[in-house]
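These notes concern the structure reproduced below.
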Amino acid sequence: MSTSKRRIDRPSTPVHSKRRKDTQSRLDSFFSSPSVSERPGKVKADSFQKSIAKDIEIIDVDLLDDDVVSAPEHQSSSSPKKNSSALRPVKLIQAGRKDAFANVQHTTPDYAPLAVDPSTYTTISMDIAQDTLSSRFRSAEHLLRKVFVQHPSYDHIVGALLEVGLDGLPQRVPLTVGIPVYPALGSPIRSFEEIYERLNDLPFSAELKYDGQRAQIHVLRQSDGPIDVRVFSRHLEDMTSKYPDVTGLMQVLLEIHPETQSLILDSEIVAIDRATGSLKSFQALSSRARKDVRLEKVEISVGVFVFDLLYLDGEILLDRSFRTRRSLMRNRFPSYIPENELLARFQHVDSCDSEESQIQLQNFWETAVSRHDTEGLMIKLLDHEVCDEDSKGKLQARKKPLSAIYDADKRTFSWMKLKKDYVSGIGDSLDLIPIGAWYGNGRKVKWWSPILLGIWDPDQGHPVAICKCMSGFTDAFYKTLSEQFSLDDASKCSRSRLWDCEFGGFKPDVYFKPDMVWEIRGADITLSPISIAACHLTSSSKGLSLRFPRFIRVRDDKTIMQASDASFLANLWKSQQGKSKEQDDELIDVDVDSTSDYSEMDDIDI
DNA sequence: ATTGCCTGCCC
DNA sequence: ATTCTGC
DNA sequence: GCAGAATGGGCAGGCAAT
């Protein structure tokens, strides 16, 4: 077995190839970026965030398993000492240890390209004191991660690493138009109080949070004229062929702005009604065709609601403050509706800055809550926090100052999402009956998970399945539940359908005796292909279900006959239909009766 | 051709 | 997506 | 505070069975 072959160039690692999508090759070929190797990549782009070690595994386990693991001539044939030095990095990697990555990285420059000496690993490890080593590992890992989230190409990174090592890496592999950046994310919060706690009076912007699809749009004017556009999803999938209407929009936009060479925008693509301009549901958007869509074939029009600018004409803007990036974006690229009706619209997200006034902010939130076509607000810190000299040394143990950079791949509190359905008293809360369950997996093997829930049908006098639920339960609750509904007690739980219920398309492993009521929260009511709940009350005779269902609490005070019923559900659904602006007043007739509990409509204080 | 089932991706 | 748990 | 795990509804697309 040859030890000299660099397995980096092999098409894939057998062990890991199955689930890996061919993202890398597409990234590398786009805009004729300088591909380092011709390898048809098999690297899953987002695995870095799961564990750096697991990704480098692709590069280096390849190396190692050829050169070390499956090279018995290097080891004794029978019982190789499990911790023999040459195997150490492999072990670390297999154990998912992050420092394994750094270990490998540090040794990378020592690889002779065609002849790897496995002992290199430990030689280096042994020479350096453990703490020095681990701190070096940490900073190496940190640097690599930072480079990776702005330019997720292993080919480029490994190539640069072999040439210039860690130090020159950021300059060698910078953010590049055509290579997607891992998007910045927002942390969930549940009140304005929490905003002020976190931001402590620093100015922020509140943006409407639209219910669409995240899109990072790259635009590059090529030297010979044509304008290249790429659209990437939140997980960096290339969606360009799904959105010819967005591509077309960006091309005309650059025709209007002949001075512009290149840019990267962050945005939400939202389905819109072409006639009225009102927003359509997420479900409408997701019914669009996804592959090789032709502009004339587009059936659902969209608006591109832009909210950030990451790159402009050769300048990387990630480290600028949000205020700077935003004003650059707004001033340079005003909202625009193309004449060609087939093209997407270019719009800025609606927003209200905290500097305007408390009243305006309050109104903004209330508007967001009342219209049913938005999810809530995104709160974004506008400026980097500055630590003044006085407080520097002496004052309290300060937290790290907040920054308003574009923090690729991070869920920070400089971006917060305040969704209506997080806030108690707002959003859809249902009282549902557990009527069945499935056997759990993994850490939930000992318990029932998910649980099947039903509404109450007063006409038939039995529950009707509406959705499954697996979120919001504590381990302790699961335990209790497994005792309350045990197959040992056939009066409560059974493999066969002993109790009168309708299940629609749901086929649980076990059935529960309808016996209790739980409060379940969700974001939206959906028209469901498998639920038959309230199906006689919907236009399409499809049933209704719940988006993002999660358990809130047991309703000991309710019997199953007091659970939410079909008409309550149907009213919720109707009230959320077609409600863009003010036009929904006639429809709202949700009876706030005994079946629901709206008692705790706590206003949120601003 | 049509239907059903599974995967992969969106949220 | 949401949530809980363990480091 | 963060990563990891388990799994929600629902769509298009692809493939196999009818």
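Residue numbers begin at 1 in each chain, while the letters A, B, ... track the order of the sequences. Heavy atoms only: backbone and side chains are in, while hydrogens, waters and symmetry mates are out. This one's a predicted model, so the numbers in the text were calculated from it and none came from an experiment.
- Applying the 4.0 Å criterion to OP1 and OP2 of D:dG9, one finds that A:Gln283 has every side-chain N and O outside that range.
- At a threshold of 4.0 angstrom between heavy atoms, the contacts of A:Lys417 are confined to the sugar-phosphate backbone, with no base atom among them.
- With rounding to whole Å, A:Asp409 atom CG is found 11 Å from D:dG4 atom P.
- Using modelled atom types, one side-chain atom of A:Lys420 and one backbone atom of A:Thr374 make a donor-acceptor pair closer than 3.5 Å.
- Of all nucleotides listed (D:dA3, C:dT2, D:dC11), D:dA3 comes nearest to the side chain of A:Arg145.
- In this structure, CG of A:Leu432 is placed 16 Å from P of D:dG8, rounded to the nearest angstrom.
- Of the listed nucleotides (D:dA6, C:dA1, D:dG10), C:dA1 has the atom at the smallest distance from the side chain of A:Arg411.
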Inset, instruction - For the pair A:His218 and A:Phe232, evaluate ring-ring contact (aromatic ring centres under 6.0 Å, His included) and give the outcome as yes or no after the intermediate values. - result: CA-CA 8 Å; A:His218 293 230; A:Phe232 296 101; 5.1 Å; yes
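- A sub-4.0 Å separation between OP1 or OP2 of C:dT3 and a side-chain N or O of A:Arg521 is absent.
- Checking D:dT7, B:dC10, B:dC11 against the side-chain heavy atoms of A:Arg214 singles out B:dC11 as nearest.
- Spacing between atom CG of A:Asp475 and atom P of D:dT7 amounts to 12 Å, rounded to whole angstrom units.
- What separates NE2 of A:His142 from P of D:dC2 is a distance of 12 Å, to the nearest Å.
- Side chain of A:Lys291, nearest nucleotide from D:dT7, D:dG8, D:dG13: D:dG13.
- Computed from coordinates, the A:Ile189 CD1 to D:dG1 P distance equals 14 Å when rounded to whole Å.
- Rounded to a whole Å, the CE atom of A:Met470 is 10 Å from the P atom of C:dC4.
- Of the candidate nucleotides C:dT3, D:dG9, C:dT5, C:dT3 has the atom nearest to the side chain of A:Arg190.
- Backbone-only contact: A:Phe473 has heavy atoms under 4.0 Å from sugar-phosphate atoms and none from a base.
- Side-chain nitrogen and oxygen atoms of A:Tyr422 include at least one within less than 4.0 Å of the OP1 or OP2 phosphate oxygen of C:dT2.
- Around atom CD of A:Glu299, no more than 12 heavy atoms belonging to other residues, nucleotides or ligands sit under 6.0 Å away.
- The nearest whole Å value for the distance from the NZ atom in A:Lys479 to the P atom in C:dT5 is 13 Å.
- With both ends at atom C1', the span from B:dC11 to D:dT7 equals 14 Å, rounded to whole Å.
- For A:Ser286, whose side chain is taken as the heavy atoms from C-beta onward, the closest listed nucleotide among C:dC4, C:dA1, D:dC11 is D:dC11.
- Taking the side chain of A:Lys468 as heavy atoms from C-beta on, and the options D:dG9, C:dA1, D:dC11, the nearest nucleotide is D:dG9.
- Summarising the geometry, the separation between CG on A:Leu527 and P on D:dG10 is reported as 8 Å, rounded to the nearest angstrom.
- Contact annotation: the side chain of A:Leu569 approaches that of A:Ile525 to within less than 4.5 Å [non-hydrogen atoms, C-beta and beyond].
- When atom types are taken as modelled, the side chain of A:Arg288 and the backbone of A:Ala284 share no donor-acceptor pair closer than 3.5 angstrom.
- Contacts of A:Lys419 with the nucleic acid, taken as non-hydrogen atoms under 4.0 Å apart, involve only primed sugar atoms and P, OP1 or OP2.
- Residue whose closest nucleotide on DNA chain D sits further toward the 5' end, between A:Ala289 and A:Asn441: A:Asn441.
- Taking every side-chain heavy atom of A:Pro529 into account, D:dC11 is the closest of C:dT2, D:dC11, B:dC11.
- Using a 4.0 Å heavy-atom criterion, one finds that A:Tyr210 contacts no nucleic acid atom at all.
- You'll find a donor-acceptor pair under 3.5 Å spanning the side chain of A:Arg290 and the base of D:dC11, going by distance alone.
- Across all strands, A:Ser531 comes closer than 4.0 Å to no nucleic acid atom at all (heavy-atom distances).
- A:Arg550 has a side-chain polar atom (N or O) that falls below the 4.0 Å cut-off from OP1 or OP2 of C:dT3.
- Checking B:dC10, D:dG8, D:dG9 against the side-chain heavy atoms of A:Thr526 singles out D:dG9 as nearest.
- Position along DNA chain D of the nearest nucleotide to A:Arg547 versus A:Ser287 favours A:Arg547 as the more 5'-ward residue.
- Taking the side chain of A:Asp211 as heavy atoms from C-beta on, and the options B:dC11, D:dG10, B:dC10, the nearest nucleotide is B:dC11.
- Among the protein residues, A:Gly522 comes within range of no part of the nucleic acid, since none of its heavy atoms lies under 4.0 Å from any strand.
- When atom types are taken as modelled, the side chain of A:His384 and the backbone of A:Asp319 share a donor-acceptor pair closer than 3.5 angstrom.
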Inset, instruction - Just do the salt bridge (charged side-chain N to carboxylate O under 4.0 Å, His left out) check on A:Lys242 and A:Asp292 with the steps written out, would you? - result: CA-CA 6 Å; A:Lys242 176 177 173 179; A:Asp292 309 315; over 6 Å; no
